[in-house]
Amino acid sequence: MKWIQLISNKRLGQEHKHAERHDDRSEFKRDYDRLIYSAPFRRLQNKTQVFPLPGSIFVHNRLTHSLEVSSLGQSLGNDICVLLKKKHPELTNTLFEEIGTIVSAACLAHDMGNPPFGHSGEKAIQTYFTEGRGAILKEKLSPGFWDDITHFEGNANAFRLLTHRFRGRREGGFVMTYSMLASIVKYPFSSDLAGKHGKFGFFISEKESYRKVAEELGIKCEQNQNGTLKYARHPLVYLVEAADDICYEIMDIEDAHKLKILSFEETKDLLLGFFEEETQQDILKRIQEEGVSDLNEQVVYMRACVIGKLERECVNTFVEHEEEILNGEFEGSLIKNISKLPRDAYKHCTEVSVQKIYNSKPVLDIELSGYKIMETLMNVFISAAINPERFYSQQLIKRVSSQYDIHSKDLETRIMAIIDYISGMTDIYALDIYQKINGISLPIV
């Protein structure tokens, strides 16, 4: 793969047009602006990141997380650009210089396809078809579509959200640049290759869109037979993934401290564990010299040091392994290939997170509640899509936004319209609909 070809500002759905510029923004900055002003991005403010929607203590939601990931992604891209231009002077004054903006925009979009209630929402959609009432539909649906819905995945749904032509929308969906779209596809293969980990990059309905992007950018195709499609990752995917890996792990620890799930000493030990003893003492000395006595602020200071450290490590790892990445031969994530001390410290953080954060009572409670809400919505609305002639079905279908093709004669299209509708809900809206259809709450006019 070649950098000059990999970075393209051609737009999906507007390939035949040459944009007339009305300002000094680059096409990639237009991507960023288009995303940040969009309704799906705004809805992330009411979607769970890890902890339930906050009370008096404000922890991260999908929106604040995405903004932080975007900020870090910009730094990763910019720093790598500087180093690689020294290595490849011919990249100077080319679109390559905008990789920081491309990664930043891709980071904004990386969670836009996630359903309400995080991973429990994903699981509820999957298990409706594998374990629930939807299992009887297998014989009525095509194998490819069945693979898609039984492995329903937020990453694949983000690509659909950005590229699919929903009713009343223009060709190309959000009409994003090819390079930005390729940068969000973390698992660039179809759902029949999802395997036990259940991850894949695009639904069958968007397969041709991804193929078009990949061929234009010269992304290496690893498998293309019998409907199966698999590509190497676009190199910038590694930067989006690294920004996400760093932010969610380190920020979850900060949130856990605020919620008193982790003590100050536990949090301090985890964060300082990324540094040699001498650096640890320097950090503690600076905290003392600058008069940072508030424990939460001390955690913020240490967290900032860790994020800076991991950013530099990932930049160095990317530059060091550039050839393998461009050849599609790099294995694992950047964070798993950084130097030993921070790599071991990160691994320790993930182990503590699983043990004490992700299995904590507030998190388990929201997962249990969220799963039940999503399971109920899937049961009721998919039943309506299967039997649209029934009175109750018709009442439910009226709730579905006009952008989703719920009135199609094709069963698969109607089912996907319901999945689009439910996965686009916020946690609060999903709860509201759940209460209404169960008669728990009545609207007061």
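What's counted below: heavy atoms across the whole structure, side chains too, no hydrogens, waters or symmetry copies.
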* **Heavy-atom closest contact (His234 atom, Ser179 atom, distance)** => NE2-OG, 4.4 Å

* Glu311 to Ile246 - nearest heavy-atom pair and separation -> N-CD1, 4.1 Å

Of all residues at least two apart in sequence or in a different chain, which pass the salt bridge (Lys or Arg N to Asp or Glu O under 4.0 Å) check with [X]?
X      : value
Glu351 : none
Glu320 : none
Asp405 : Arg167

* Structure fact -> Residues passing the ring pair (Phe, Tyr, Trp, His ring centres under 6.0 Å) test with Phe381, sequence neighbours excluded, are Tyr421

* Under the ring pair (Phe, Tyr, Trp, His ring centres under 6.0 Å) test, which residues partner Phe96, sequence neighbours left out? -> Trp3

* **Pairs meeting criterion salt bridge (Lys or Arg N to Asp or Glu O under 4.0 Å) with involvement of residues 75-94, two or more places apart** => Lys85-Glu97, Lys87-Glu322

Apply side chain to side chain contact (heavy atoms under 4.5 Å, CB included) to [X] and list each qualifying residue two or more places apart in sequence or on a separate chain.
X      : value
His407 : Ile397
Asp269 : none
Leu341 : Glu276

* Inspect the surroundings of CZ in Arg133 and state if more than 12 heavy atoms from other residues, nucleotides or ligands are less than 6.0 Å away. => no

* Should Glu254 and Lys258 count as an ion pair when the cut-off is N to O under 4.0 Å? -> yes

* Side chains of Thr177 and Asn9: is there a donor and an acceptor less than 3.5 Å apart? -> no

* To do: Would you please say whether a donor-acceptor pair under 3.5 Å links the side chains of Ser104 and Ser70?
  => yes

* Is there any ring pair (Phe, Tyr, Trp, His ring centres under 6.0 Å) pair reaching into residues 300-323, and which pairs are they, with sequence neighbours excluded? -> His321-Phe330

* **Short side-chain to backbone donor-acceptor contact, Asn316 and Arg312, under 3.5 Å** => yes

Show every donor-acceptor pair shorter than 3.5 Å between a side-chain atom in residues 140-147 and any protein atom, with sequence neighbours excluded, or say none if there are none.
{"from": "Ser142", "atom 1": "OG", "to": "Phe145", "atom 2": "N", "distance (Å)": "3.4"}
{"from": "Ser142", "atom 1": "OG", "to": "Glu412", "atom 2": "OE2", "distance (Å)": "2.9"}

Which atom pairs, one a donor and one an acceptor, fall under 3.5 Å between side chains of residues 154-161 and the rest of the protein, sequence neighbours left out?
{"from": "Asn155", "atom 1": "ND2", "to": "Glu153", "atom 2": "OE1", "distance (Å)": "2.9"}
{"from": "Asn155", "atom 1": "ND2", "to": "Glu153", "atom 2": "OE2", "distance (Å)": "3.0"}
{"from": "Asn157", "atom 1": "ND2", "to": "Gly113", "atom 2": "O", "distance (Å)": "2.9"}
{"from": "Asn157", "atom 1": "ND2", "to": "Ser423", "atom 2": "OG", "distance (Å)": "3.2"}
{"from": "Arg160", "atom 1": "NE", "to": "Asp420", "atom 2": "OD1", "distance (Å)": "2.9"}
{"from": "Arg160", "atom 1": "NE", "to": "Asp420", "atom 2": "OD2", "distance (Å)": "3.3"}
{"from": "Arg160", "atom 1": "NH1", "to": "Ser205", "atom 2": "OG", "distance (Å)": "3.0"}
{"from": "Arg160", "atom 1": "NH1", "to": "Glu206", "atom 2": "OE2", "distance (Å)": "3.0"}
{"from": "Arg160", "atom 1": "NH2", "to": "Asp420", "atom 2": "OD2", "distance (Å)": "2.8"}

